[in-house]
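Following: one structure in structure tokens, then a few remarks.
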Protein chains: 2
Amino acid sequence: MPHDPDPSLRLLWRHAAPEQERPRRRGPKQRLTVDEVVDAAIELADAEGLDALSMRGLAGRLGLAAMTLYTYVPSRKDLIVLMVDQALGRTALPELPDEPRRRLELVARVEYDDCRAHPWLLDAAGVRPWLGPNAADRYEWQLTAVDGLGLGDLETDQTVALLVGFAGNIARAEQRVRHAEHESGMTEREWWEANAGTLGELMAGRSYPLAGRVGQAVGEAYQAAGDPARELEFGLARIIDGVLAHAAGTAPRHEPPAPESYHQR
Amino acid sequence: MPHDPDPSLRLLWRHAAPEQERPRRRGPKQRLTVDEVVDAAIELADAEGLDALSMRGLAGRLGLAAMTLYTYVPSRKDLIVLMVDQALGRTALPELPDEPRRRLELVARVEYDDCRAHPWLLDAAGVRPWLGPNAADRYEWQLTAVDGLGLGDLETDQTVALLVGFAGNIARAEQRVRHAEHESGMTEREWWEANAGTLGELMAGRSYPLAGRVGQAVGEAYQAAGDPARELEFGLARIIDGVLAHAAGTAPRHEPPAPESYHQR
DNA sequence: TACTTCTTCGTACACCGTACAGAATTAGTG
DNA sequence: CACTAATTCTGTACGGTGTACGAAGAAGTA
């Protein structure tokens, strides 16, 4: 017996066929629209994070009783799916430049900017990667950016995943620091100053020559410049170098290692 | 007024100074050890995910009352921090090969394997990236792998982040599919078959030339081979190409500095 | 023995998502 | 018009969560 189609797909694509969207329904009109609900949820999640987005809280902010939300949206999970697609739709996809490197950079940067504007996007990725209209548009746009390098279909897809995944990781690292600072009430620097003594005492006996040196350099650079944009710059340049070299067919190729036992448990 | 040092740091490094670990305490002995609690939590999270790890559930599995756990661990968040470090400590860090490419590959693969063995590691990364002993050991090991390429301290750190971040992303993508399948009760293929009709109807009017073609190719390749290992392979090769090219100080379109042996294919 | 300190545990609170039933409101039907 | 059916809105309730708090008991010290 086959499965039923997913009802929330129609909700995701609710703007696709606006002709007969509302074929005159019986009961009272809805006070709000789904878009208004989702927009309010986005606003709330932007301000206070996905954890702080509760059905009761959102309903209260909208002047509704808690359960009323369920006439707009089947569940909190579905709401989040709608939020993702709606947030993606807010940024207009810029025109793609001609130069390949610029195109790939742009794919990563757009993703990075969105993940900074809506940090909860990174947490929401845990739910099903459903195809909403804006997600579909964006995927098509991303593929267009990578298309024409001479890669195969699979490699094109993997390149997109590589770029947006990396951009998301940079955003995630920033978000983690902000989150920790917000909830511990002290900055990264204050935390370190408060714990350096304890940590040094605990780590006595162990030696971390590289980690000590590198960690210090990273800490200084981070708090001095304060721009994790540099981090984006570096990794992005490496990735694009590698992709372009591969596309040009000039990258050195090696056999993958034997899959079993490159290290023991 | 300066901040107090973080109490859970001592808990993280509880094995660091075992001499005077227990300076004769008064009340009854604890029935369990912190390690046993954390191990049970890891086991539970491995089996059912981080969401299913509740204090009551864990306590029940250990034969304790719920609140008793709080004599071992200050809070659920701290427990997760301990879980992360303890899980990291379970995999012995393999010896690093000589060839640079193999070293970088190994860094990514170890991370990938761990993220597959403990999928909740990816969710747990949301909490503070605290320095536990095993995390510190691993960081040092990762830096050692990248060291010697001629990169600066910052770039070395960023390269590590690039590799492990990528590996985590691949694992995350797999986990997402598994999670969706588990909770929807149908496989990716079944879902598609059930929703292809609806989706096609909804997407009428829009055209996704690339996404359609690529998506189909990806879907076939994915379900046919079932190996996301290929995805790891591809991105990893690009990243390492880019990093090594950069380390060699040569722009992407230059020859690599003739390693002793590499065969082209 | 009495005191102190620690572990264990039951209860309680605030919050969460949401199932359910009833009241109010509107559109279609006679 | 009245009547019915569908739909929105709402309050209450259930089972779940993390954890604050206080009581009870055990083990060490005086």
Discussion item. I'd like to know if A:R26 reaches the base of C:dT26 with its side chain such that a donor and an acceptor end up less than 3.5 angstrom apart.
Written reply: no

Worksheet entry | Listed once per pair and sorted, the salt bridge (Lys or Arg N to Asp or Glu O under 4.0 Å) pairs that draw on residues 63-73 of chain B, sequence neighbours left out | none

Worksheet item: Between the side chains of B:S8 and B:D6, does any donor sit under 3.5 Å from an acceptor?
Response: yes

Worksheet entry | A:P74: partners by side-chain contact (heavy atoms from CB on, under 4.5 Å), with sequence neighbours left out | A:L11, A:D78

Item to complete: Indicate whether OP1 or OP2 belonging to D:dG28 is found under 4.0 Å from a side-chain N or O atom of B:K29.
Response: yes

Item to complete: Please list, chain by chain and in numerical order, all residues satisfying salt bridge (charged side-chain N to carboxylate O under 4.0 Å, His left out) with B:R31, sequence neighbours excluded.
Response: none

Item to complete: Check the distance between C:dG17's P and A:D78's CG and give it to me in whole angstrom.
Response: 14 Å

Discussion item. Under 4.0 Å, heavy atom to any atom of DNA chain D: which of residues 44-52 of chain B qualify?
Written reply: none

Practice prompt. May I have the distance from A:R76 (atom CZ) to C:dG17 (atom P), rounded to whole angstrom?
Written response: 5 Å

Worksheet item: With sequence neighbours excluded, what pairs up with B:E48 under the salt bridge (charged side-chain N to carboxylate O under 4.0 Å, His left out) test?
Response: B:R61

Fill in: side-chain contact (heavy atoms from CB on, under 4.5 Å) against B:A136, all qualifying residues, sequence neighbours excluded
A:Y208, B:W13

Discussion item. Among residues 56-75 of chain B, which ones have heavy-atom contacts with DNA chain D below 4.0 Å?
Written reply: B:R56, B:M67, B:Y70, B:S75

Discussion item. Need one value for B:L79: base, sugar-phosphate or nothing, where a base atom within 4.0 Å counts as base even if backbone is also close, heavy atoms only.
Written reply: nothing

Item to complete: Can you tell me the distance, in whole Å, between the CE atom of B:M55 and the P atom of C:dT8?
Response: 14 Å

Discussion item. My understanding is that only residues two or more places apart in sequence, or in another chain, count here; which of them pass side-chain contact (heavy atoms from CB on, under 4.5 Å) with B:E201?
Written reply: A:R10

Discussion item. If I take atom CZ in residue B:R31 and atom P in nucleotide D:dG25, what distance separates them, rounded to the nearest angstrom?
Written reply: 15 Å

Which atom pairs, one a donor and one an acceptor, fall under 3.5 Å between side chains of residues 114-121 of chain A and the rest of the protein, sequence neighbours left out?
unit_1: A:D114; atom_1: OD2; unit_2: A:T91; atom_2: OG1; d: 3.4
unit_1: A:D114; atom_1: OD2; unit_2: A:R138; atom_2: NH1; d: 2.7
unit_1: A:D114; atom_1: OD2; unit_2: A:R138; atom_2: NH2; d: 2.6
unit_1: A:R116; atom_1: NH1; unit_2: A:Y112; atom_2: OH; d: 3.4
unit_1: A:R116; atom_1: NH1; unit_2: A:E174; atom_2: OE1; d: 2.3
unit_1: A:H118; atom_1: ND1; unit_2: A:D46; atom_2: OD1; d: 2.8
unit_1: A:H118; atom_1: ND1; unit_2: A:D46; atom_2: OD2; d: 3.1
unit_1: A:W120; atom_1: NE1; unit_2: A:D46; atom_2: OD1; d: 2.6

